[in-house]
Amino acid sequence: MLSTGDRLKVALEAKGVKKQMAFAAQIGVNDSVVSRWKRGQKLTLQNAVRICQALDISLDWLVLGRGTMDAHRVSKDLDKLTLFSGSADGIPEPIVAALITVTEAIRAEFGPDR
C-alpha cells in the first residue's frame with residue numbers, strides 16, 4: 001500500500017502539477033513543506049483538505065488510502081443519479097437503495113468508468 005506521501009506524488013503527477021512552488025502557494029504553504037510531505041512527513045487534516053480541494057481528489061484516498069483518487073466524484077455523481085429516481089415508480093425504496101449501494105461499491109472497486 002502506498003504511503004500518504006506516495007499518494008500525494010501520484011496525485012500531483014496525475015493532475016499535471018509541474019510547478020511545486022505554485023501548488024504550494026495555492027494551498028498556502030512553503031514549497032519545502034510539500035517536499036517534506038512527499039517524503040512522508042505527516043500533514044494536518046486542514047492541509048490534507050486544502051490539497052484535496054486544490055487537486056480535486058478524495059480525502060479518504062489521500063489520507064487513508066481507501067477507495068480511488070476520484071472516489072469523491074462517484075458520490076457526487078450518485079447524488080445526481082436519475083437512473084433509479086423517476087423510473088423507480090413501483091420499485092420498493094429498499095431495493096432502490098440497495099441498487100445504489102451496489103453501484104457505489106462497484107465504482108469504488110473498479111473505478112467510475114464501470
Side-chain angles (χ1 to χ4, degrees):
M1 182 150 124
L2 296 175
S3 69
T4 302
D6 291 333
R7 287 189 295 276
L8 177 57
K9 289 181 217 175
V10 167
L12 290 169
E13 184 174 329
K15 298 300 181 170
V17 176
K18 303 222 186 292
K19 300 188 188 251
Q20 183 173 298
M21 187 178 288
F23 174 71
Q26 180 182 0
I27 61 171
V29 299
N30 190 294
D31 66 321
S32 65
V33 174
V34 176
S35 293
R36 289 194 298 263
W37 291 336
K38 288 166 53 177
R39 288 193 309 267
Q41 183 176 356
K42 299 212 183 286
L43 57 129
T44 65
L45 181 58
Q46 181 180 18
N47 284 325
V49 168
R50 288 179 183 162
I51 290 168
C52 291
Q53 288 174 329
L55 296 177
D56 190 25
I57 61 171
S58 166
L59 180 64
D60 206 25
W61 176 79
L62 178 65
V63 175
L64 302 174
R66 293 192 307 203
T68 64
M69 184 185 323
D70 296 321
H72 66 295
R73 288 189 185 156
V74 172
S75 297
K76 287 179 187 174
D77 291 346
L78 287 173
D79 289 342
K80 299 173 188 171
L81 186 65
T82 59
L83 176 65
F84 299 114
S85 62
S87 64
D89 293 343
I91 299 174
E93 184 61 35
I95 301 229
V96 172
L99 289 170
I100 292 172
T101 300
V102 168
T103 303
E104 286 177 325
I106 290 169
R107 287 184 174 167
E109 181 68 25
F110 297 106
D113 296 334
R114 294 214 177 190

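Within the structure, the salt bridge (charged side-chain N to carboxylate O under 4.0 Å, His left out) test picks out the following pairs touching residues 15-27 (sequence neighbours left out): K15-D70.
D31 meets the salt bridge (charged side-chain N to carboxylate O under 4.0 Å, His left out) test with no other residue; sequence neighbours excluded. Looking at residues two or more places apart in sequence or on another chain, you find a side chain to side chain contact (heavy atoms under 4.5 Å, CB included) between S32 and N30, R36. Residues that satisfy the side chain to side chain contact (heavy atoms under 4.5 Å, CB included) test with L64, not counting sequence neighbours, are D60, R66. The side chain to side chain contact (heavy atoms under 4.5 Å, CB included) test applied to E13 returns no partner, not counting sequence neighbours.
In the hydrophobic clustering, I51 connects to L2, L8, V10, L12, V17, F23, I27, V29, V33, V34, W37, L43, L55, I57, W61, L62, M69, either directly or through intervening members, whenever side-chain heavy atoms lie under 4.5 Å apart.
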Please lay out, stage by stage, how K9 and D6 fare under the test side-chain contact (heavy atoms from CB on, under 4.5 Å). CA-CA 5 Å; K9 289 181 217 175; D6 291 333; 3.6 Å; yes

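At least one side-chain heavy atom of L59 sits less than 4.5 Å from a side-chain heavy atom of L45.
Listed for the R50 side chain is no donor-acceptor partner under 3.5 Å among the backbone atoms of G28.
For the pair S35 and Q20, the tightest heavy-atom approach, listed with the atom from each and the gap, is OG-NE2, 2.7 Å.
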